[in-house]
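Everything below concerns the one structure shown next.
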Amino acid sequence: MSTVSQPANRPEQPPDPATGTAPRSTDGPDPAADRHRLTALQGVAALSLDAMASVAYGPESIVLVLAAAGAHGLGFTLPVTLAIAALLAVLVASYRQVIAAFPNGGGSYAVARTHLGRRTALVAAASLILDYILNVAVSVTAGVAALTSAFPALYADRVWICLAVLVLVTGINLRGIVDSAKAFLLPTAVFIAAILAMVVVGLFRDAPASTLSAQGHASVLAHNATAVGALLLLKAFASGCSALTGVEAVANAVPSFRAPRARRAQRTEVALGALLGVMLIGLSVLIGRFHLQPVDGVTVLAQLADASLGHNWAFYVVQFATMVLLALAANTSFGGLPVLMGLLARDNYLPHVFGLKADRQVHRHGVLVLAAVSAALLVFSGGDVNTLVPLFSIGVFVGFTICQVGMVRHWLLERSAGWRGKALLNGFGAVLTAAAAIVVTATKFTEGAWLIVIALPVLVAAFEAVHRAYDRIGARLGLGRVPETPRRARSLVIVPVSHLSRLTSEALTAAVSLGDEVVAVTVTYATPEDRPATEALRRDWELWNPGVDLLELPSETRSIGRPIADYVRHLTEHHPGTRVTVLIPEVEPAHLWQRLLQNQRGAVVAHAVRRDTDAVICRLRFRLATA
């Protein structure tokens, strides 16, 4: 276990937490590892699915709120969208600066940790974690909802379909983020092309090509409203800001890009912002051009595809591409959250296992935990997207606000060229995102947002508890202090045996090579059926005469591990200067399935010795060659 304490203001390249040595520069070339990292184009496919998929529900969120003010209210769809697009531009510009200033990733957490203090950084991290987890659940359920809308017979099995999609996305991500980017590149390209084609074709139409999809569905438009209040516009703005979720994912996952990482990540951020902004504004223009009204059972995006392209094969291409992208938008979380958890583990706020990477540069434990928690949410919600949506997007607004405030402080301290304009831009963005966070939380509090309000401090408290535990471990280990000079101590090796075989001989050979003294022990039972085996082992041992004493440890409860652990504890109490090692011989089968044939005695003994004593445990593997 690594427990190296990390300073509050670490350098850009901190020492490796396991070895204490400084790693090579994160922006330096490493061809062997780079092939498992992202290009800018792959970054768009791997990290922008969340933001791209929000096109399907962002404009609709605005329209549904403004519909309360009737047809006059829908006239404000484009102005509200333009305000959201302006905020999007502010966020993209801000996160480009975040990427340059914090190339090790972490986004708002990294910014807050450096400029706003430890506690604020933990709030930012907790908000991002909640948003990423909810994004997986919402994306999968929304995609499956689109599928069950097209094929109602599948509705009863929606939970199992959600879990199957989650398993698919998880499996692809366990193979590496590059493989996930390659797998999702085509669906992303089809969706972007379909939306842009729909916008372009719709701009050349004076009237809807078709309204077939909305026929027979009741309108939700209010017909008795005559005015639009400022609070309604603010609520529409806050609801439409759900389209901005995912903008921060690129800044969180900068280490996943190929060198030069910061530059590639910045290109991906700009491409994401440009595509998202064009699609949002284009769809809002079409909503006003075709005078669309929200109706029950049909999405606004489906109505726009019907009006622009007609009710033909192109309409179904848009619907299918939307369904696939919504289901796969969970990939953004799999690209960003494991990296963030790795940074938290490096700072001793999460177990260090989350900082480990597999061969394909995958934070495997983070991926698996994200999948497990998301699966629990899917089962809890019954695969119903409406149960999860009220919880969505609150966390990301908190993270946005903290990041913007942190970048304001960054410019005030750095005072580089143009710092006043940059600080003003970030400050303006902080005001907008803070307002959105407050409005969304207030309006959705009774719909489930109260869970997020509770979960945030609980997560922060959990981070603090883990950090305190690592501090206690570090103090006990004397980290940061020069340890005592190593000295030689008398060594005693204990070898548990149950019969004579090549395994026994190999174990004793290893033991006499390791220790000054070796004792073989066997656990015996007083029952009549066990006496012949005990006497046979005693007789065979005397005939073999390996030069090592065989000590019999009686057991009245048929326990294997406890008598050995008691003997070890007796030795350490009466010989405090002796280093005791328990060498456990085990067979390593030639085939994986053959492990089912083993009696697991070695694991039982190792568990008992580890639990009750401080002895060194050495497990000797005797490999069986294939025939």
Side-chain angles (χ1 to χ4, degrees), residues 12-14 23-52 88-111 128 132 172-173 175-189 192 244-278 328-329 331-343 357-363 366-367 403 407 410 422:
E12 200 171 282
Q13 298 301 324
R24 70 173 65 188
S25 171
T26 58
D27 238 25
D30 185 359
D34 261 7
R35 65 191 182 91
H36 295 302
R37 294 193 171 103
L38 298 171
T39 63
L41 181 61
Q42 291 171 340
V44 173
L47 300 173
S48 69
L49 293 178
D50 178 15
M52 295 299 174
L88 172 64
V90 172
L91 291 174
V92 169
S94 174
Y95 276 106
R96 284 188 78 253
Q97 301 302 324
V98 172
I99 291 168
F102 299 90
N104 288 326
S108 57
Y109 168 68
V111 175
L128 286 173
Y132 276 137
I172 293 175
N173 277 276
R175 289 188 53 82
I177 193 169
V178 170
D179 283 352
S180 71
K182 292 177 180 177
F184 301 147
L185 191 58
L186 180 60
T188 305
I192 293 173
L244 302 180
T245 58
V247 173
E248 78 290 348
V250 178
N252 290 334
V254 178
S256 298
F257 285 86
R258 294 182 184 178
R261 291 176 193 143
R263 193 177 307 165
R264 290 183 188 273
Q266 286 178 322
R267 292 172 184 169
T268 302
E269 187 73 56
V270 172
L272 166 62
L275 288 171
L276 183 58
V278 168
L328 299 182
N331 195 67
T332 298
S333 295
F334 283 98
L337 181 57
V339 175
L340 175 62
M341 294 177 74
L343 291 176
K357 286 186 180 181
D359 293 339
R360 293 173 175 264
Q361 301 298 309
V362 180
H363 291 85
V367 170
C403 186
M407 288 306 293
H410 174 78
K422 295 175 181 178

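Counting begins at 1 with the first residue of the sequence. Bear in mind that the values here come from a model prediction, so they are computed numbers and not experimental data.
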Nearest atoms (heavy-atom pairs only) where [X] meets [Y]:
{"X": "C403", "Y": "V98", "answer": "SG-CG2, 3.6 Å"}
{"X": "M407", "Y": "V111", "answer": "N-CG1, 3.8 Å"}
{"X": "V270", "Y": "V92", "answer": "CA-CG1, 4.1 Å"}

Inset, instruction - Using modelled atom types only, decide if a donor and an acceptor are shared between the side chain of Q266 and the backbone of R96 within a distance under 3.5 Å. - result: yes
Legend entry - From L88 atom CG to L276 atom CG, the distance as rounded to the nearest 0.5 Å: 5.0 Å
Inset, instruction - Hey, could you give me the CD1/CZ distance between I99 and R267, rounded to the nearest 0.5 Å? - result: 12.0 Å
